[in-house]
Structure formats: structure tokens, C-alpha cells
Amino acid sequence: MKEFKVLMVDDEEEFVRTLDERMQMRNVDTSVALSGEEAMKKLEEDPPDVLLVDLKMPGMDGKEVLKRAREAYPGVQVVMLTGHGSEADEAEARRLGVFEYLRKPIPIDQLMRTLKAAYKKKLEQAMVAASFAEEGDFESARDIMKQGQPKK
Amino acid sequence: MKETLFMGKVTSAMTHEVKNVLAIIRESAGLAQDLLVAAEDKTFPNKERFSRIMDKIDKQVQRGAEIVSTLNSFAHVPDYEVRNEDLNSVLDQMLLLSGKLSRTNGVKFLIEENTKSVFLEADPLKSRMTLYRVLEFLAPLTGKGSEILMKSTKSEKGIPALGLFITMVASGESFIERVQSHPEWGSLIEEFRSLNISIETKSELNAVMINFVK
């Protein structure tokens, strides 16, 4: 039984395929998308627990993927892993709701810790949202899934 | 300025490419290590040696990534004509970028941590160029095994400055005298004067001061 599901999005195929193998050896259920567009399709077909996305990609870039994923799949936590990041990019990603912003190359243990923390946050949010929904407060439940806390 | 912007832009783009290459090397070496651990093959005669090699690759990738990150931020320096920045961060960046210069001359470059920020509003490329040029001048004069300790400070007049304090292994002729009598010293002073930067020696401290006048 795999621990949790991660969709990895990166146009550097050699990198993402190798990382995929390493994550699978660590009992993570992984899948790979080589572009932002492919990632959006895979998100629709089978939403993961965590999305691990590169920043700069041809076509739909990582920020756009982050934005769309947070909008359409608020339960999915997004971790950005990039070799291209500037401070401004990081600030923008945080504004858009990224769980964590990491820079390549990164030790696998650090990456695993971050992904597990993102998954834990997803579970916690889902539990709190469920308790609001049980009380009939669906609006707050939605806000929690999207922003981590109710608006009011 | 257009030329430096272009150089910076291309260098920055290339550093991103190198980072991706380093990431692939790290993951590939990591995967090889993972497979070795998973196989639990005690008969593999060079298992420990193999592990050591993998560790070495990992450490060097980390070193490469640090260098590339510093090079990337250096490549963005020409993006600003004038920038208000802490001289401590200029020192941090230039310490790594002058590593080769340090090794070639057998001289250790060090930074004395200054907990106080010393802000300088100036052309960030010129301040770095000045520091590098002075290090380039001083390093061969100090001799192998010597140390150059760099510190951000302020002059008596409150002008942002960098102090380069020299500790030499060999004694004898005064280092400051050696600097002052060097044929290039005068032209270096003139070169920086045109940039509103003054360089001076401080015999009592065995130091060279770079004062960023304006």
C-alpha cells in the first residue's frame, strides 16, 4: 500500500523520471507529467494528494499550474521545485498559495519531508472542513479547503 | 551598460541550465545508491567504496549548486544601475566568486561577520569590481599562507567602506610599504577616483581601506 499520491510536473524528462523511480522506492504513488497542459489533464483524471511542479516550462508554466490547481482542486497541496527561482518568483508563488518553494538540486530526504508535510496538511484541512460541513457550514468548509481557514 | 545587461542575462539563463544538469546528476547518483541499499548484496566487493564515491558526487553537486546560485545572483547585478544594499551581502557573494583567485595565490580570504548592516547606495557592479580588483592586486603581494580578512565598516566621516586586513606568514619588509611602492598602486588609486571610490592604506592596521565616497 503506497503512502500518498504525488503528481510530478517537469519538462526535464531525465530529471523527473529518475526522481519518479526514487520516490517509488520510498513507497510514494507517483505519476509524471512533462508539461503544464499534461498536468492539468492528469489532475482532472486522477487528482493526487500533492502536486510537485517545476516553475519554468514551455507553454503553461508552473505558476499557471499552481494558480489553476489551487482554484479547481483546493484540496491538492502544491510544492514548487525549481532551478530557476528568483525571490520575486517565490513571493508570487507564496501569494498564489504554494505549500513550499524548493530549489534544485535538493536532497531526497528534504524533499520527502516536505511532501509528507504537504500531505499531512491536506488531511488536516479535509478533517476540519468536514467538521464544518457536518454543521451545514459549506461555505467555511470550502474556504478551509481553499485557503486553510474560514473567511469569517 | 547594454553589454553588461546582455552578459548577465545570458549567464543567468545558463546557470539555470547548469542547475538542471546538477539536479539530474544528484538524482542519478541517488538512485544508484538507493538500488545498492535495496539489493542488500553483501557480496558486492566494493560496496563501501561505491558508497563513498556516491557521497563524493553528492557533496560536489551541492558545492556546484552553491557556486551556480552565487553566479546567478551575480549575473543579476547589472539589472540595477543604482542599488541600496548591505555591504555584508556583497562580501558574502564576492567571497565565493573569488575562490579561484584565493586558491591560485595560496591566500585565504575571510569575512569578519558584522552584525550591523552597512548600507551603500551605488552602482552594485562597480562596488564588486572594485573589491575584486583590490583583491587581485593584494593577493600576489601577501604571499602563500597569508590571510586577507574583509570587513564592512564606516570611515571616520561615516562613509560606507570595506576594510581588508592582512595577516602575513612571512615577516620582514612592511606589507604596506610593499603596496605603496608597487608600480600599479598609483594607477589603481586613479582608476577608482574616477568612480568616486578612494582606496588608502592604514599602516597601523596593516590594512587597505576601500571608501565608497558617493
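Values below: every heavy atom of this structure, side chains too, minus hydrogens, waters and symmetry copies. Keep in mind that this is a model prediction, so the values were computed, not measured. Within every chain, numbering begins at 1; the chains are lettered A, B, ... in the order of the sequence lines, protein sequences first and strands thereafter.
- Annotation: Lys126(B), atom NZ; neighbour count of heavy atoms from other residues, nucleotides and ligands within 6.0 Å does not exceed 12.
- Of the residues Asn20(B), Val21(B), Ile24(B), the one that meets the side-chain contact (heavy atoms from CB on, under 4.5 Å) test with Glu14(A) is Ile24(B).
- At most 12 heavy atoms of other shown residues, nucleotides or ligands fall within 6.0 angstrom of atom CD in Glu184(B).
- Using a 4.5 Å cut-off on side-chain heavy atoms (C-beta onward), Leu22(B) and Lys104(A) make no contact.
- Atom CZ of Arg63(B) is surrounded by 12 or fewer heavy atoms from other residues, nucleotides or ligands within 6.0 Å.
- Residue contact with chain A, scored on non-hydrogen atoms closer than 4.5 Å, is absent for Ile25(B).
- A pairwise comparison of heavy atoms in Ala23(B) and Pro105(A) identifies CA-CB, 3.7 Å as the closest pair.
- Annotation: maximal heavy-atom pairing with chain A below 4.5 Å, among Asp34(B), Asp58(B), Asn72(B), Val61(B), occurs at Asp34(B).
- For the atom pair CD (Glu27(B)) and CZ (Arg17(A)), the distance works out to 14.5 Å, reported to the nearest 0.5 Å.
- Closest approach of Met25(A) to Ala38(B), counting heavy atoms only: CE-CB, 3.8 Å.
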Please determine whether side chain to side chain contact (heavy atoms under 4.5 Å, CB included) holds for the pair Arg26(B) and Ile108(A), giving the CA-CA distance in whole Å, both sets of side-chain angles, and the decisive distance to 0.1 Å. CA-CA 9 Å; Arg26(B) 171 171 250 169; Ile108(A) 190 84; over 6 Å; no

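- Proximity of His16(B) to Thr82(A): side-chain heavy atoms (C-beta onward) are nowhere separated by under 4.5 Å.
- Contact of Arg26(A) with chain B is made through the side chain alone, with heavy-atom distances under 4.5 Å.
- Of all the heavy atoms in Glu21(A) and Leu31(B), the pair that sits closest is OE1-CD2, 3.5 Å.
- Counting non-hydrogen atoms of neighbouring residues, nucleotides and ligands closer than 6.0 angstrom, the CD atom of Glu191(B) exceeds 12 such neighbours.
- For NZ of Lys116(A), the number of neighbouring non-hydrogen atoms (other residues, nucleotides, ligands) closer than 6.0 Å is 12 at most.
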